[in-house]
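For reference, the structure discussed in these notes is given below.
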Amino acid sequence: MLEIKNLHARIGEKEILKGVSLTVPTGEIHAIMGPNGAGKSTLSYVLSGRDGYEVTEGEVFYNGQDILALAPEDRAAAGIFLAFQYPVELPGVGNANFLRTAVNAVRRKRGEAELDAVAFLKLARAAVKRLHMKEDFLKRNVNVGFSGGEKKRNEMLQMALLQPGLAILDETDSGLDIDALKIVAEGVNALRSPNFSALVITHYQRLLDHIVPDVVHVLSAGRIIRSGTAALALELEAHGYAGLEAA
Amino acid sequence: MSASMQAIAEQKYKYGFTTDIAMEDFPRGLSEDIVRRISAKKSEPAWMLEWRLKAYRLWLTMEEPDWAHVKHPPIDYNDLYYYAAPAAPAPKSLDDVDPELLKTYEKLGIPLNERAALAGVAVDAVFDSVSVATTFRDTLSKSGVIFCPISEAVREHPELVKKYLGSVVPVRDNYFSALNSAVFSDGSFVFIPKGVRCPMELSTYFRINARNTGQFERTLIIADDDASVSYLEGCTAPMRDENQLHAAVVELVAMDNAKIKYSTVQNWYPGDANGKGGIYNFVTKRGACRGKNSKISWTQVETGSAITWKYPSCVLLGDGSVGEFYSVAVTNNHQQADTGTKMIHIGKNTTSTIISKGISAGKSENTYRGLVKILASASGARNHTQCDSLLIGNECGAHTVPYIESRNSSAKVEHEATTSKIAEDQLFYCRSRGLSEEDAVGLIVNGFCKDVLKELPMEFAVEAQKLLAVSLEGSVG
């Protein structure tokens with residue numbers, strides 16, 4: 001379970017999050033929607049521990065553990081995964097090598113045995129197939145020369161292999177065509193279980209046709225201004241954020 | 001810095017131990033007398049002594065070069081020891097080698113015991129001024145390959161040594177080559193006869209142990225027509241507060257269709273985090289592609305030394321000959337590296353490739369300096385140069401100084417250069433996947449160097465990857 005309590009955060013002198021509170025019980029998928037500049041990406045970075053985002057007030061617990069003091073890699077080991085809006089390129093670093101290093105780093109921290117190259121490849125090939133990706137994906141350099149859609153699929157591949165308890169998808173749908181969108185949705189839906197929860201951050205409703213959330217929150221100017229069922233997303237689609245903010 | 005990071009930083013130079021062994025050394029300083037004593041110690045013939053004395057007299061008239069982008073206090077050449085060796089008589093076989101020395105090499109991970117040795121790698125181990133053991137000599141001699149300490153080659157194969165020594169790097173080439181020619185004490189000699197592919201990797205392991213001692217090794221490798229060899233050298237030294245001088249000369253000769261691949265993993269003690277101590281590494285390495293379609297390939301991974309001054313070069317004399325230079329140079333803390341290559345195209349249709357990857361961290365300075373020279377005779381010559389610099393942090397420097405001189409209009413010369421920083425988003429991306437910051441830097445740096453590391457012999461590529469990561473520990477955050 002993820003519990004965010006009165007979270008305030010700033011970049012430099014600028015306060016971006018102004019008291020965000022929300023709870024995602026284990027097994028549920030919550031969506032966060034909001035206009036540009038509402039603080040959606042900031043929230044995802046604060047949750048995953050990026051440098052440069054200063055928490056000035058509030059607390060975040062994941063499965064009862066205060067995570068704000070943890071380094072990003074320790075949050076990953078605790079089971080938090082961030083799917084990036086703009087996945088980063090790592091020239092010269094082979095995808096398979098990167099994935100195996102990541103999986104084994106997390107396994108080591110969790111006190112599990114590391115996977116050897118053979119065992120890992122077997123796992124990775126199966127995941128590649130499940131996500132309808134070409135096998136040469138594993139041989140290419142991490143995100144280098146990938147199309148927008150391929151990058152997002154690569155995020156889903158990483159997620160499938162790292163098996164997080166909580167996935168945060170930061171506008172993973174931006175710039176995707178409908179086919180790629182479906183693959184992202186499949187990636188998330190495949191992990192759906194009573195032990196998995198997700199925070200799906202999106203600007204548009206269309207991703208939520210494919211990942212149906214249990215709860216939708218609206219983030220505006222650094223605060224959650226409304227929460228509701230999946231129907232809230234449709235309402236936003238029809239009336240826009242402006243109407244909501246005025247209300 | 002956390003306690004664990006501190007611990008990693010402190011143990012990072014794991015080769016910094018000293019070996020406690022009875023040593024014989026000559027008095028400090030350099031004079032004709034010292035040169036004579038070195039020569040006598042090696043039981044050298046008169047012609048070798050004459051060669052050394054001429055070099056010494058020439059050196060006295062020369063000035064230390066100051067054009068490299070490095071700074072250091074003046075070196076007092078009369079305050080150094082020019083010869084140091086284990087006191088016991090030279091070993092006749094591995095069984096005679098002092099067990100303390102064998103232990104040292106074991107600690108360094110260099111197996112001298114042939115039974116335990118890496119299959120297919122013959123090792124020559126040079127400790128301070130002498131070669132202490134050469135493995136697999138019998139196996140090699142069956143195929144006609146000579147692999148022995150150069151001091152032995154001077155006595156046993158004078159015709160080869162006379163013919164080739166100083167033929168690629170003349171005594172007067174530069175200040176340090178003249179110094180080395182006067183006082184070189186040991187190093188490796190390799191001769192691959194016509195048509196022979198050397199049946200195993202050859203390797204020399206250089207270790208400086210004694211205090212205040214300069215190491216001046218001399219390596220000479222000759223591949224006759226249609227011969228080929230792959231040679232690797234590794235270097236380490238104890239952690240000492242004072243700077244130590246290392247001025248080696250390496251000469252390679254490739255005849256018709258011969259191939260020489262020379263790989264270096266240089267990990268001399270770099271000094272501490274405040275720049276105290278460390279090796280001054282002033283090395284002259286050059287290969288002559290004398291034969292048609294011959295090929296010389298230099299691959300270097302330079303992570304150690306307080307100062308590196310080194311330009312492994314190729315003289316492409318034979319028509320169709322090929323020169324290659326693949327380099328990774330890492331500097332951290334207060335290290336300074338000025339390294340690169342010279343490709344001199346003389347023969348027709350000669351080609352050269354230069355790939356240089358410089359990585360600077362801490363307060364270090366890292367310079368690529370290279371010359372591509374195409375003579376009027378070199379019709380159809382081609383060069384491709386790729387120089388990439390990676391910066392970690394805001395206090396280090398990366399410099400690229402390429403010189404191109406072309407006197408033949410049919411030549412094609414290409415130069416590409418990039419400078420980048422390890423981006424914060426790359427680090428965060430890796431860390432959000434569970435990698436520690438150090439592992440993330442290691443992964444990104446190894447990716448950056450991939451084009452060079454893949455040129456290393458397989459067994460050493462893995463070692464080099466680890467070394468890169470260790471060299472940069474503590475450089476971020």
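Lettering of chains follows the sequences in order, A, B, ..., and the numbering in each one begins at 1. Not measured: the values here are computed from a predicted model.
Neither the backbone nor the side chain of A/Pro164 comes within less than 4.5 Å of any heavy atom in chain B. Only the side chain of A/Asn141 comes within less than 4.5 Å of a heavy atom in chain B; its backbone stays farther off.
Heavy-atom neighbours of A/Tyr86 OH from other residues, nucleotides or ligands within 6.0 Å: at or below the threshold of 12. When the shell of 6.0 Å around NZ of B/Lys259 is examined, it contains 12 or fewer heavy atoms from other residues, nucleotides or ligands. Other residues, nucleotides and ligands contribute only 12 or fewer heavy atoms inside 6.0 Å of the CE atom of A/Met1. Atom CG of B/Asn394 is surrounded by 12 or fewer heavy atoms from other residues, nucleotides or ligands within 6.0 Å. The local environment of CZ in B/Arg382 is sparse, with at most 12 non-hydrogen atoms from other residues, nucleotides or ligands closer than 6.0 Å. Atom NZ of B/Lys363 has 12 or fewer neighbouring heavy atoms from other residues, nucleotides or ligands inside a 6.0 Å radius.
Annotation: side chain of A/Phe98 is in contact with side chain of B/Cys430 (closest heavy-atom distance under 4.5 Å). With a 4.5 Å cut-off on side-chain heavy atoms, B/Leu435 and A/Thr101 count as touching. No side-chain heavy atom of A/Pro91 sits less than 4.5 Å from a side-chain heavy atom of B/Ile444. Using a 4.5 Å heavy-atom cutoff, the side chains of A/Asn97 and B/Asn446 are not in contact.
Residue pairs meeting the side-chain hydrogen bond (donor to acceptor under 3.5 Å, both in side chains) criterion with at least one partner in residues 155-170 of chain A, sequence neighbours excluded, are A/Ser41-A/Asp170, A/Ser44-A/Asp170, A/Glu155-B/Tyr429, A/Glu155-B/Arg433, A/Gln158-B/Tyr429, A/Gln158-B/Arg433.
Taken from CZ in B/Arg431 to CZ in A/Arg75, the straight-line distance is 9.5 Å, to the nearest 0.5 Å. Atoms OG and CZ, on B/Ser432 and A/Phe81 in that order, are 7.0 Å from each other to the nearest 0.5 Å. If you take CZ on A/Arg108 and CG on B/Asp439, they are separated by 6.0 Å, rounding to the nearest 0.5 Å.
Most heavy-atom pairs under 4.5 Å with chain B: of the set A/Ala71, A/Pro72, A/Gly52, A/Ala105, this distinction falls to A/Pro72. Contact count versus chain A (heavy atoms, under 4.5 Å) is highest, among B/Ala440, B/Cys449, B/Gly434, for B/Gly434.
Scanning all heavy atoms of the two residues, the minimum distance from A/Glu89 to B/Gln426 falls at O-NE2, 3.1 Å.
Of the candidates A/Leu82, A/Asp51, A/Val88, A/Leu82 is the only one forming a side-chain contact (heavy atoms from CB on, under 4.5 Å) with B/Phe428.
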